[in-house]
Amino acid sequence: MEGSILPGSTIGIFGGGQLARMTAMAAKRMGYRVIVLDPTPDCPAGQVADDEITAAYDDVEAARELARRSAVVTAEFENVPADTLAAIEPLVPVRPASRVLRIAQNRIAEKSFLAEHHFPVPRFCPVRSRDELLEAVQIIGYPAVLKTATGGYDGKGQVKIEHPEEAETAWERLGKVDCVLEEFVPLDKELSVIVARNGRGERTVYPVAENTHANHILDTSVMPARIPAPLAKEAQELALAIAEALDVVGLLCVEIFLAQDGRLLVNELAPRPHNSGHQTFDAAVTSQFEQLIRAICNLPLGSTKLFQPVAIANLLGDLWADGEPNWTAALELPEVKVHLYGKAEPRSGRKMGHLTATGETPDEALARVLKARRRLKTQ
């Protein structure tokens, strides 16, 4: 592993959305220059970066330009074409590596990797044909969830199957593409754990986040999670072990189901900053975004300690349906912070920003952030 990439160097980021925007802000604060590649001109990250390349993610020549101008390259989301990243790995360090993204962007590869390394996952079967579908439903039973192998996020690309006759219809709805059929797990809570790891093998782990979803999109996240300490430690150790097995350099978010029977089951992997870690921007010694910069630049990792319990509430485009939200009313609560992502058009279901609030307890932080979000709708 080469030495550290020091401030003053240029960091290249594939993707120009809110995750890249907040990563760029952290990098700039540390003295780095930032260049982003995104198909959309004046993308959220481009607004704060030093430069942006407007190109498709599969444009290898544009990717090579990014590589030539960068000391290290990272990706803000796992669905950047792994082939594009692999094409530039001879030119520049890519962290996490394309190999990690190939695993995380395909549910068959991801779940197979986890199962092969004996990490706990819901029972699943690959589905690549009608015959495999019929065989899978015999093995998994009902209820079950059919999920596309690639491209699914925020609940897209998945269908719950309640009865045997629904299986083929569900597969047709998903386009008869490669899928996984997974057992439906009755949940107590949805959790996530963010791990950072640098090229020296140093690693840190954030407190467990407790997440709620609305229409399959993250709605609120509380840190630390309201679970017993031994269970939180188990979840953190699980995430650390997965990061080691993947040999991640950068960040890894491990999304975990806490089943009603007490089991921890890995749902998905995201080798990047994660929505459920946004609260670290305001409430941790080192935010997940600064930690990513430290990790990919092979610098010592920062403390993940929280100053106080903290919660976030996502702000979707629906909030703008009746006009501009009442920011003044929300900010009258002194523990609340507003983060907007610089997106031009508020659309239904589109993540436009989030609110953060701290409190003496996780319950107090959550109550405050929800109160602030309700105030946004007052005129």
Side-chain angles (χ1 to χ4, degrees), residues 13 15-29 44-45 47-48 74-78 153-154 190-196 204-214 217-225 239 250-256 268 270-295 302-317 319 325 327 330-331 333 335-343 349-359 362 365-366 368-370 372-373 376:
I13 306 176
Q18 64 265 23
L19 299 177
R21 179 187 178 95
M22 288 181 272
T23 300
M25 290 165 70
K28 297 281 287 179
R29 191 170 69 173
Q47 295 165 15
V48 299
T74 192
E76 75 152 348
F77 67 111
E78 59 272 21
Y153 66 97
D154 286 347
E190 294 186 65
L191 309 172
S192 55
V193 183
I194 297 170
V195 174
T204 57
V205 60
Y206 284 89
V208 180
E210 175 186 341
N211 308 316
T212 63
H213 293 77
I217 300 172
L218 186 72
D219 187 49
T220 67
S221 182
V222 184
M223 187 181 286
L251 293 187
L252 178 69
C253 180
V254 180
E255 298 178 21
I256 298 172
E268 289 187 354
R272 55 168 172 81
H274 195 262
N275 201 169
S276 67
H278 287 350
Q279 53 268 62
T280 63
F281 212 126
D282 298 310
V285 175
T286 311
S287 76
Q288 65 167 342
F289 305 102
E290 179 184 334
Q291 201 77 290
L292 173 61
I293 300 303
R294 287 172 174 249
S303 168
T304 57
K305 183 180 178 182
L306 295 180
F307 299 120
Q308 269 194 313
V310 59
I312 62 167
N314 265 335
L315 306 178
L316 303 184
L319 190 62
W327 306 113
L331 288 172
L333 302 174
E335 300 87 1
V336 170
K337 293 180 180 289
V338 173
H339 294 261
L340 294 176
Y341 302 152
K343 295 181 180 180
R350 190 183 199 194
K351 294 172 185 169
M352 300 297 293
H354 66 268
L355 300 177
T356 308
T358 53
L366 181 59
R368 278 179 178 161
V369 83
L370 291 174
R373 188 167 64 179
L376 291 175

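Heavy atoms only: backbone and side chains are in, while hydrogens, waters and symmetry mates are out. Since we're looking at a predicted model, the values are computed, not measured.
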Test item: [X] side-chain N/O and [Y] main-chain N/O as donor-acceptor pair under 3.5 Å:
X	Y	answer
Y206	S287	yes
T74	I13	no
T358	V310	no
R373	N314	yes

Taking all heavy atoms of [X] and all of [Y], pick out the closest pair and write down the distance.
X	Y	value
A209	A225	C-CB, 4.0 Å
F307	A284	CE1-O, 3.5 Å
A330	A372	CB-O, 3.6 Å
P207	P224	CB-CB, 4.2 Å
L252	A239	CD2-O, 4.5 Å
I194	G277	CD1-CA, 3.5 Å

Using distance alone, with no hydrogens and no angle criterion, decide if [X] and [Y] have a side-chain donor and acceptor under 3.5 Å apart.
X	Y	value
H339	D282	yes
S192	S276	yes
E210	S221	no

Completion exercise
R350 meets the salt bridge (Lys or Arg N to Asp or Glu O under 4.0 Å) criterion, sequence neighbours left out, with none
Problem - F77-H274 aromatic ring centre distance below 6.0 Å - result: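 Distance test on ring centres: not under 6.0 Å, no.
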Exercise for the section: Kindly determine whether I256 and V193 satisfy side-chain contact (heavy atoms from CB on, under 4.5 Å), including the steps that lead there. Expected result: CA-CA 8 Å; I256 298 172; V193 183; 4.1 Å; yes
Problem - Qualifying residue, where the test is side-chain hydrogen bond (donor to acceptor under 3.5 Å, both in side chains) with Q18 and the options are K343, K351, H278 - result: K343
Handout entry: Steps toward side-chain contact (heavy atoms from CB on, under 4.5 Å) verdict (I293, T23)
Key = CA-CA 8 Å; I293 300 303; T23 300; 3.7 Å; yes
Problem - Audit row: T204, Q291, side chain to side chain donor-acceptor pair (under 3.5 Å) steps and yes/no - result: CA-CA 9 Å; T204 57; Q291 201 77 290; 3.1 Å; yes
Exercise for the section: Please lay out, stage by stage, how L366 and T220 fare under the test side-chain contact (heavy atoms from CB on, under 4.5 Å). Expected result: CA-CA 8 Å; L366 181 59; T220 67; 4.0 Å; yes
Would you say the side chain of [Y] lies within less than 4.5 Å of the side chain of [X], judging by non-hydrogen atoms?
X	Y	answer
F281	E290	no
V338	L331	yes
L315	L376	yes
E190	T212	no
L340	W327	yes
T286	R294	yes
L251	P271	no

Handout entry: From CA spacing to verdict: side-chain contact (heavy atoms from CB on, under 4.5 Å), N275, N211
Key = CA-CA 10 Å; N275 201 169; N211 308 316; over 6 Å; no
Handout entry: Pairing of E76 and R272 as salt bridge, 4.0 angstrom limit
Key = no
Between atom [atom1] of [X] and atom [atom2] of [Y], what is the distance when rounded to the nearest 0.5 Å?
X	Y	atom1	atom2	answer
M25	M22	CE	CE	8.0 Å
Q279	L355	CD	CG	12.5 Å
E335	L333	CD	CG	7.0 Å

